[in-house]
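Only one structure is covered here, and it is reproduced in the block below.
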Amino acid sequence: MDKKQEELDRRYLRMSAIWAENSYCQRRKVGALIVKDKMIISDGYNGTPSGFENICEDENGLTKPYVLHAEANAITKIARSGNNSDGATLYVTDSPCIECSKLIIQSGIKRVIYAREYRFTDGIDLLRRAGIEVIHLPEELKN
């Protein structure tokens, strides 16, 4: 990866962290941006589906099962627009889970840049198996 691309990747990753601040989730705030041809074509953060209360955790502090991940929100937003994500890059604060990785593969995204590791690596493993370039830039997020 060249220096200019690395600087751009770091910048978009920091922007995904800022976008995560929009999340109402208490346990973990996750943000995602989809970039194609140096343009942000979609964004997302974790939260409940449209029309639901903006409360992500139940009375025991556990994440409700219907909360959408940031990546899923960004990808489904593209489905409702005139854009497509073929060849795009996904910037996400946290490594994708297995379910989001399936969506990433099917959406045509070719690169995934993330900051924080999740305890399960099955999502990252699947992305690599699909030939998607995966880059971990851990120093970008301090929170």
Side-chain angles (χ1 to χ4, degrees), residues 1-58 62-143:
M1 177 170 45
D2 67 15
K3 185 75 171 156
K4 189 173 183 179
Q5 183 61 55
E6 183 179 344
E7 287 175 12
L8 206 53
D9 287 343
R10 291 178 187 285
R11 192 170 300 127
Y12 283 125
L13 192 56
R14 286 191 305 271
M15 291 170 69
S16 72
I18 290 168
W19 200 246
E21 295 172 14
N22 290 317
S23 174
Y24 288 91
C25 296
Q26 300 300 309
R27 292 182 67 205
R28 181 177 293 240
K29 294 179 184 297
V30 181
L33 296 176
I34 299 176
V35 176
K36 185 175 178 178
D37 301 324
K38 297 183 181 174
M39 292 187 312
I40 297 170
I41 60 169
S42 191
D43 54 59
Y45 51 87
N46 57 327
T48 56
S50 298
F52 281 64
E53 73 288 348
N54 286 321
I55 302 169
C56 298
E57 292 82 17
D58 63 19
L62 300 174
T63 302
K64 293 178 180 179
Y66 52 84
V67 168
L68 290 160
H69 290 186
E71 307 94 300
N73 267 326
I75 290 168
T76 56
K77 192 182 281 189
I78 284 182
R80 295 181 71 173
S81 75
N83 279 322
N84 72 69
S85 50
D86 263 349
T89 299
L90 171 72
Y91 296 90
V92 62
T93 55
D94 296 69
S95 60
C97 70
I98 189 81
E99 294 302 318
C100 288
S101 291
K102 291 187 244 180
L103 293 174
I104 291 164
I105 293 165
Q106 291 300 97
S107 70
I109 290 169
K110 295 301 177 199
R111 297 176 74 234
V112 174
I113 315 296
Y114 71 98
R116 290 187 295 234
E117 293 273 4
Y118 190 60
R119 67 181 181 264
F120 302 115
T121 63
D122 51 353
I124 293 296
D125 297 340
L126 184 65
L127 292 173
R128 288 190 172 125
R129 181 175 171 199
I132 293 172
E133 181 182 3
V134 178
I135 299 172
H136 180 209
L137 295 176
E139 67 279 358
E140 289 308 307
L141 302 181
K142 304 300 183 205
N143 55 5

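The residues of the chain are indexed from 1 along the displayed sequence. Just so it is clear, the values below take in all heavy atoms, side chains as well, and ignore hydrogens, waters and symmetry mates.
- For Cys25, the disulfide (SG to SG under 2.5 Å) test picks out Cys56, with sequence neighbours left out.
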Under 3.5 Å, side-chain donor or acceptor atoms of residues 119-128 against the rest of the protein: list the pairs with distances, not counting sequence neighbours.
residue : atom : partner : partner atom : Å
Thr121  : OG1  : Asp125  : OD2          : 3.2

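- Listed for the Gln26 side chain is a donor-acceptor partner under 3.5 Å among the backbone atoms of Tyr24.
- The closest donor-acceptor contact from the side chain of Glu57 to the backbone of Arg27 lies under 3.5 Å.
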Show your working on side-chain contact (heavy atoms from CB on, under 4.5 Å) between Val112 and Glu71 and close with a plain yes or no.
-> CA-CA 10 Å; Val112 174; Glu71 307 94 300; over 6 Å; no
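- The line from CD1 of Ile18 to CG of Asp43 is 13.0 Å long, rounded to the nearest 0.5 Å.
- Counting heavy atoms from C-beta outward, Pro49 and Tyr66 have side chains that approach closer than 4.5 Å.
- Separating the CZ atom in Arg28 from the OG1 atom in Thr63 is a distance of 9.5 Å, to the nearest 0.5 Å.
- Separation of atoms CG (Asp9) and CD1 (Ile113) is listed at 4.0 Å; rounding is to 0.5 Å.
- The heavy-atom pair separating Ser16 from Leu13 by the smallest distance is OG-O, 2.6 Å.
- No side-chain heavy atom of Thr48 sits less than 4.5 Å from a side-chain heavy atom of Ile55.
- For the pair Asn84 and Lys36, the minimum side-chain heavy-atom distance is below 4.5 Å.
- You'll find the side chain of Leu90 stays beyond 4.5 Å of the side chain of Tyr114, heavy atoms only.
- Looking at heavy atoms from C-beta onward, His69 lies out of side-chain contact with Glu99 at the 4.5 angstrom threshold.
- Ser85 is listed as a side-chain neighbour of Ile109, based on a closest heavy-atom distance under 4.5 Å.
- No donor-acceptor pair closer than 3.5 Å links the side chain of Asp94 to the backbone N or O of Val30.
- Taking all atoms of both residues into account, the shortest heavy-atom contact from Glu53 to Lys64 is OE2-NZ, 3.0 Å.
- Side-chain contact between Arg10 and Glu7 is absent, with no heavy-atom pair separated by less than 4.5 Å.
- Remark: side-chain polar atoms of Ser23 are paired, donor with acceptor, to backbone N or O of Asn46 under 3.5 angstrom.
- By the 4.5 Å heavy-atom criterion applied to side chains, Ser107 and Ile78 are not counted as neighbours.
- In this structure, Ile135 CD1 and Glu6 CD are separated by 8.5 Å, a value rounded to the nearest 0.5 Å.
- Separating the CG atom in Asn73 from the NZ atom in Lys77 is a distance of 7.5 Å, to the nearest 0.5 Å.
- The distance from atom CG of Asp86 to atom NZ of Lys110, rounded to the nearest 0.5 Å, is 7.0 Å.
- When all heavy atoms of Ala74 and Ser42 are compared, the pair lying nearest together is O-OG, 2.7 Å.
- A pairwise comparison of heavy atoms in Ala72 and Cys100 identifies N-SG, 4.2 Å as the closest pair.
- In this structure a side-chain-to-backbone donor-acceptor pair under 3.5 Å is present from Ser95 to Tyr118.
- Within the structure, the ring pair (Phe, Tyr, Trp, His ring centres under 6.0 Å) test picks out the following pairs touching residues 73-99 (sequence neighbours left out): Tyr12-Tyr91.
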